[in-house]
Amino acid sequence: MRFIDHGAGGEPSVLKIAECPTPQPKPGEVLIKVAYAGVNRPEVAQRQGKYPPPPGASPILGLEVSGEVVAMGSEAAAQCQDGVRLGAKVCALTNGGAYAEYVSTPAGQVLPVPQGLSLQQAAALPENYFTVWTNVIERGQLVAGETILIHGGSSGIGITAIQMAKAWGARVIVTVGSADKAQACLKLGADHAINYREQDFVEEVARITENRGAQLILDMVGGEYVARNLKCVALEGRIVQIAFLETSKVSIDLMPIMAKRLTFTGSTLRPRTDAEKARIAAALRAHIWPRLARGQMLPVIYRQFGFDQARQAHELMESSQHIGKIMMQVDPSISA
């Protein structure tokens, strides 16, 4: 099969199409012929040598796909979600290997394409929806009536978090880097959009919340944001860290954690066990897939690239100019 090789890593120019044997599904795995793959920041970090795959995972880039089930390993059928079978059109969270014509992934992480969605839309779901569900709804314990501050509101994660938080009845504040991104977030349902290049988000959150602060903060920036988040989180609030676009090493005063009785937590998705990811998939199937089928909480696709344009896709991701998801079409012959 063909796959996108990142060699020894480096700049986006290292990405090249190469060939390797087609993977064979292990016990409990499903082999998918890939139609689309999502392009995500963890793949950029892996290409740069900053995010190595966990033990046993494919070294090939890529964490989410849509496509067709073409083979199943032993014991896989018993672990599949309803509707996942040979010949089915599916989307999946992969442990790696999505930038390829075929990928084998644990059966529990494979979901049927939601009713009414295209294969392109379906491939935009797994990485963002798994991440937001587990960090906003489960770990963040967001409930109706609370205020959530979402940093990076126009990213794929941010857009998913806006829509999921609004569906749960929360008030949503986002930070973005331009007026266009602010308008896009407001159109998607955010109640307030703060342009961090022109406004101090700590001051703005205080103004918007009448100095009460946000009950939940979802942060993927880190660096100086860590200390600033402690200033604008509410009493008994929660801060969930899911990435570090800036540094993860900071010097801060932790007294606010005690004074405000805060919960500061975080998580990463890729190192979790197959069983944990299967549990998240089942929760999405039960709580989110019906909403998607009704046309709610749909992913926003910013741009699609061809399989031979992985370099351009990564360059766009690194530029942060996009609003929503960047997608790569791997096999145009596969239709929904």
Heavy-atom donor-acceptor pair, Q120 side chain to A122 backbone, under 3.5 Å: no

Value for CD1 (I288) from CD1 (I137), rounded to nearest 0.5 Å, stands at 7.0 Å

Just distance, no hydrogens or angles: give the donor-acceptor pairs under 3.5 Å from side chains in residues 180-188, sequence neighbours left out.
unit_1 : atom_1 : unit_2 : atom_2 : d
K181   : NZ     : S320   : O      : 2.4

Check the pair E315, R311 against salt bridge (charged side-chain N to carboxylate O under 4.0 Å, His left out), reporting the backbone distance first and the verdict last. CA-CA 6 Å; E315 288 173 344; R311 174 182 63 81; 2.9 Å; yes

Residues 301-322 vs ring pair (Phe, Tyr, Trp, His ring centres under 6.0 Å), sequence neighbours excluded, gives Y99-H314

CD1 (I4) and CG (D308) are apart, to the nearest 0.5 Å, by 8.0 Å

### Message
Could you check whether atom CZ of R85 has more than 12 heavy atoms from other residues, nucleotides or ligands sitting under 6.0 Å from it?
### Response
no

For W289, the ring-ring contact (aromatic ring centres under 6.0 Å, His included) test, sequence neighbours excluded, returns none

message = What I want to find out is whether E43 reaches R47 closely enough, with some N-O distance under 4.0 Å, to be called a salt bridge.
response = no

Exercise. Is the backbone of S178 close enough, under 3.5 Å, to the side chain of R197 for a donor and an acceptor to pair up by distance?
Worked result: no

Residues pairing under salt bridge (Lys or Arg N to Asp or Glu O under 4.0 Å) where one sits in residues 233-253, two or more places apart or in two chains, turn out to be E146-R238, E236-R261

* Side chain of S248, backbone of G222: donor and acceptor closer than 3.5 Å? -> no

For S154 and V176 the tightest heavy-atom approach is N-CG1, 4.0 Å

Sub-3.5 Å donor-acceptor pair from the side chain of R272 to the main-chain atoms of K277, do we have one?
-> no

Consider only side-chain heavy atoms of I, L, V, M, F, W and Y, link residues closer than 4.5 Å, and tell whether I150 and V143 are in one cluster. no

Closest heavy-atom pair, I252 versus A227, reported as atoms and distance to 0.1 Å, is CG2-CB, 3.6 Å

| message | Using only atom types and a distance under 3.5 Å, with no angle test, would you say the side chain of T134 pairs donor to acceptor with the backbone of F130? | response | no

query = Do other residues, nucleotides or ligands put more than 12 heavy atoms under 6.0 Å from the CD atom of Q115?
reply = no

I'd like to know if the side chain of Q163 reaches the main chain of L298, judged simply by a donor and an acceptor atom lying under 3.5 Å from each other, with no hydrogens or angles considered.
yes

Taken to the nearest 0.5 Å, the spacing of L218 CG from I239 CD1 works out to 11.0 Å

Does R228 pair with D200 as a salt bridge, N-O distance under 4.0 Å? yes

Side-chain H-bond candidate by donor/acceptor type, R303 with Q312, under 3.5 Å:
no

Distance col, row N229:CG vs L149:CG, nearest 0.5 angstrom, shows 6.5 Å

Side-chain polar contacts of residues 23-38 - donor-acceptor pairs under 3.5 angstrom, sequence neighbours left out - could you list them?
unit_1 : atom_1 : unit_2 : atom_2 : d
Q24    : NE2    : T22    : O      : 3.4
E29    : OE1    : K26    : N      : 3.1
E29    : OE1    : S104   : OG     : 2.7
Y36    : OH     : Q329   : NE2    : 3.0

Look at atom CD of E11 and say whether more than 12 heavy atoms of other residues, nucleotides or ligands are closer to it than 6.0 Å.
no

Heavy atoms of Q46 and P53 approach each other most closely as NE2-CD, 3.9 Å

(Q) For E64 and N128, which I'm curious about, is there any donor-acceptor pair between the side chains at under 3.5 Å? (A) no

d(I323 CD1, I159 CD1) to nearest 0.5 Å is 7.0 Å

In short, ring pair (Phe, Tyr, Trp, His ring centres under 6.0 Å) pairs touching residues 179-201 with sequence neighbours left out are H151-F201, F201-Y225

Heavy-atom nearest pair, A100 first then V330, reads O-CG1, 3.5 Å

In short, S267 meets N135 closest at the heavy-atom pair OG-OD1, 2.6 Å

Determine whether T175 and E204 satisfy the following criterion, side chain to side chain contact (heavy atoms under 4.5 Å, CB included), listing intermediate values before the conclusion.
CA-CA 10 Å; T175 63; E204 286 300 300; over 6 Å; no

